[in-house]
Amino acid sequence: YYQLIAGPGETDGGIYGAVLFIIDETDRQSAERLRREFTANVSHELKTPLTSILGYAEIIGNGIADQDDIPELSNKIIEESRRLLKLISDILRLSQLDEMATDEKTEPVDLVGVSKQVVHDLAAKAKKSSVSLSVEGEAAPIQGMATTLYEMIYNLVDNAVAYNRENGSVAVKISEDASETRVAVADTGIGIALADQPRIYERFFRADPSHSKATGGTGLGLSIVKHGAMLHHATIDLDSELGKGTTFTLRFPKMTDAENTGA
Ligand code: ADP
C-alpha cells in the first residue's frame, strides 16, 4: 500500500513523497492466510472426536446397543473426550506461545534437572521402551523459561516413546561446547520419510495420521517445540532414517555474561 508523507518544512500540508510497502502487505496477506487455514484446521480437528462421542452416546441413549457392548462404547467416549481435552489444551498453549515475546522473563534453568523430570514423568508411559539420560561435560544452566523448556523436552521424549518399536530405546543426551548447549533425543523407532521432514513442525501435520491417532497425538507437539525453541533463540534439527530411528537436537546458543545479566 502507499503511504503519503508530508514534508517537514511544508506549511501548506502539501505532500512531497510516497513510499510503497510491498513486502509489508505480502507478509500481512500470508499471515492472514495462515490464520484462516489454522481456524479451518482447528474446526475440523475438534469436530472429529466430538462427532464420534455424539455417535457412541446416541447408540447407548437409543437403547440399540447390546448390553455387553456398553463398557466398550463408554471407553470409546472416554478416549475421544481425552483426545479432545488434549487438543484444546495444545491449541491454547500454542496461542499463548504466539503471544509471548522473545524477551519474556527468563531465569537460569538447569536442563539436566528438567530432563530428569521429563524422563521420570514419562517412565510409566514408556513401558515398551527404555529411556536413558546422559550428560557430557558440565552442562551449565541456560537462561530460559523453565515451564516451556520442560514442555519442549517432554514433547520430544513423548514422541520418541510413541513412535518407537517394541523394546526400543530412547536416549536423551545433554552436551555443550563453547558456543552452545545441546539436548538430543534419539530413538530407535519408525523414522520420518525425507519427504515429510520439512513439514513435521507444521500445525496438525502428521506423517501417519492413523498411527498418530493411536498414540494420542494431536499434530501440535512439534509446533510447540519449534515455537519454544524460537522463544529461546534456539534451533531444532532432525536426523532420521525410515525404519531405523530419529534424533531431534535442540541447540541453545550460549550467551555472554553481559547478555545474561541484561547489561
Ligand atoms: P503428534 O501429536 O501427532 O505426535 P507432533 O507435532 O508431535 O504430532 O509430530 C508430528 C508428526 O511427526 C507425528 O504425527 C509423526 O508422524 C512425526 N514424528 C514426530 N516425532 C517422531 C519420531 N520421534 N519418530 C517418528 N515420527 C515422528
Side-chain angles (χ1 to χ4, degrees), residues 34 37-38 41-42 44-46 48-49 52 79-98 115 118-119 121-123 125-133 148-173 182-231 234-251:
L34 283 177
E37 271 175 22
F38 183 61
N41 282 338
V42 167
H44 173 77
E45 297 286 335
L46 293 179
T48 312
S52 307
E79 207 177 282
E80 293 293 331
S81 304
R82 288 216 172 103
R83 209 176 123 64
L84 200 53
L85 271 181
K86 173 92 172 70
L87 254 169
I88 293 169
S89 67
D90 277 1
I91 292 167
L92 281 177
R93 188 60 188 140
L94 257 179
S95 78
Q96 278 175 344
L97 291 176
D98 272 341
S115 303
V118 169
V119 171
D121 293 347
L122 279 169
K125 205 172 167 186
K127 277 185 296 244
K128 286 183 278 176
S129 323
S130 67
V131 186
S132 66
L133 171 66
T148 313
L149 288 164
Y150 172 88
E151 246 178 323
M152 291 158 65
I153 300 172
Y154 184 99
N155 286 353
L156 289 179
V157 177
D158 195 25
N159 279 347
V161 169
Y163 300 104
N164 222 314
R165 58 173 164 78
E166 197 124 345
N167 298 319
S169 63
V170 176
V172 183
K173 197 166 96 184
R182 291 176 290 267
V183 180
V185 179
D187 67 56
T188 53
I190 59 174
I192 302 166
L194 211 57
D196 289 331
Q197 291 181 15
R199 303 198 54 198
I200 217 79
Y201 305 103
E202 284 175 22
R203 293 171 185 201
F204 297 118
F205 178 82
R206 276 160 277 193
D208 176 355
S210 62
H211 192 132
S212 172
K213 190 168 179 235
T215 60
T218 60
L220 293 173
L222 285 179
S223 312
I224 291 174
V225 179
K226 178 98 181 184
H227 221 95
M230 207 182 70
L231 289 171
T235 59
I236 178 160
D237 55 61
L238 82 146
D239 181 15
S240 182
E241 200 178 327
L242 267 187
K244 290 251 166 73
T246 305
T247 302
F248 280 96
T249 308
L250 285 166
R251 294 167 198 277

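Counting starts at 1 for both ligands and their atoms, following the listed order.
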query = If you round to the nearest 0.5 Å, how far is CG of Leu97 from CD of Glu151?
reply =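 Answer for the CD-CG pair, Glu151 versus Leu97, is 6.0 Å.
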
message = Looking at Arg203 and Asp98, is there a salt bridge between them, counting it only when a charged N and a carboxylate O are closer than 4.0 Å?
response =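 A salt bridge is present here (some side-chain N lies under 4.0 Å from a carboxylate O).
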
Which ligand 1 atoms, with their elements, are less than 4.0 angstrom from a heavy-atom of [X]?
| X | result |
| --- | --- |
| Gly221 | 5 (P), 6 (O), 7 (O) |
| Arg206 | 3 (O), 14 (O) |
| Thr246 | 24 (N) |
| Leu220 | 6 (O), 8 (O) |
| Phe205 | 10 (C), 11 (C) |
| Ala207 | 14 (O), 16 (O) |

How far is [atom] from its nearest protein heavy atom, and which residue and atom name does that atom have?
| atom | value |
| --- | --- |
| atom 2 (O) of ligand 1 | Thr218 N, 2.7 Å |
| atom 26 (N) of ligand 1 | Ile192 CG1, 3.3 Å |
| atom 3 (O) of ligand 1 | Ser212 OG, 2.5 Å |
| atom 19 (C) of ligand 1 | Asn159 ND2, 3.6 Å |
| atom 13 (C) of ligand 1 | Tyr163 OH, 3.4 Å |

ask   = Among Val170, Thr246, Ile236, which one satisfies side-chain contact (heavy atoms from CB on, under 4.5 Å) with Leu156?
value =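 In the set Val170, Thr246, Ile236, the residue that makes a side-chain contact (heavy atoms from CB on, under 4.5 Å) with Leu156 is Ile236.
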
Does any N or O atom in [X] lie less than 3.5 angstrom from one in ligand 1, N or O only?
| X | value |
| --- | --- |
| Ser223 | no |
| Ile200 | no |
| Gly219 | yes |

Intermediate values then yes/no, side-chain contact (heavy atoms from CB on, under 4.5 Å), Leu222 and Asn155 = CA-CA 7 Å; Leu222 285 179; Asn155 286 353; 6.0 Å; no

inquiry  = Test side-chain contact (heavy atoms from CB on, under 4.5 Å) on Val172 and Val118; report intermediate values, then the result.
reply    = CA-CA 10 Å; Val172 183; Val118 169; over 6 Å; no

Heavy-atom distances under 4.0 Å are what count here, so tell me which part of [X] touches ligand 1: side chain, backbone, both or neither.
| X | result |
| --- | --- |
| Asp187 | side chain |
| Tyr201 | neither |
| Leu222 | both |

Derivation and outcome, side-chain contact (heavy atoms from CB on, under 4.5 Å), residues Leu87 and Val42 = CA-CA 9 Å; Leu87 254 169; Val42 167; over 6 Å; no

If you define the side chain from C-beta out and look only at heavy atoms, does anything of [X] sit under 4.5 Å from [Y]?
| X | Y | value |
| --- | --- | --- |
| Leu220 | Lys86 | no |
| Asn159 | Phe248 | no |
| Glu80 | Arg83 | yes |
| Asp158 | Lys125 | yes |
| Ile192 | Leu238 | yes |

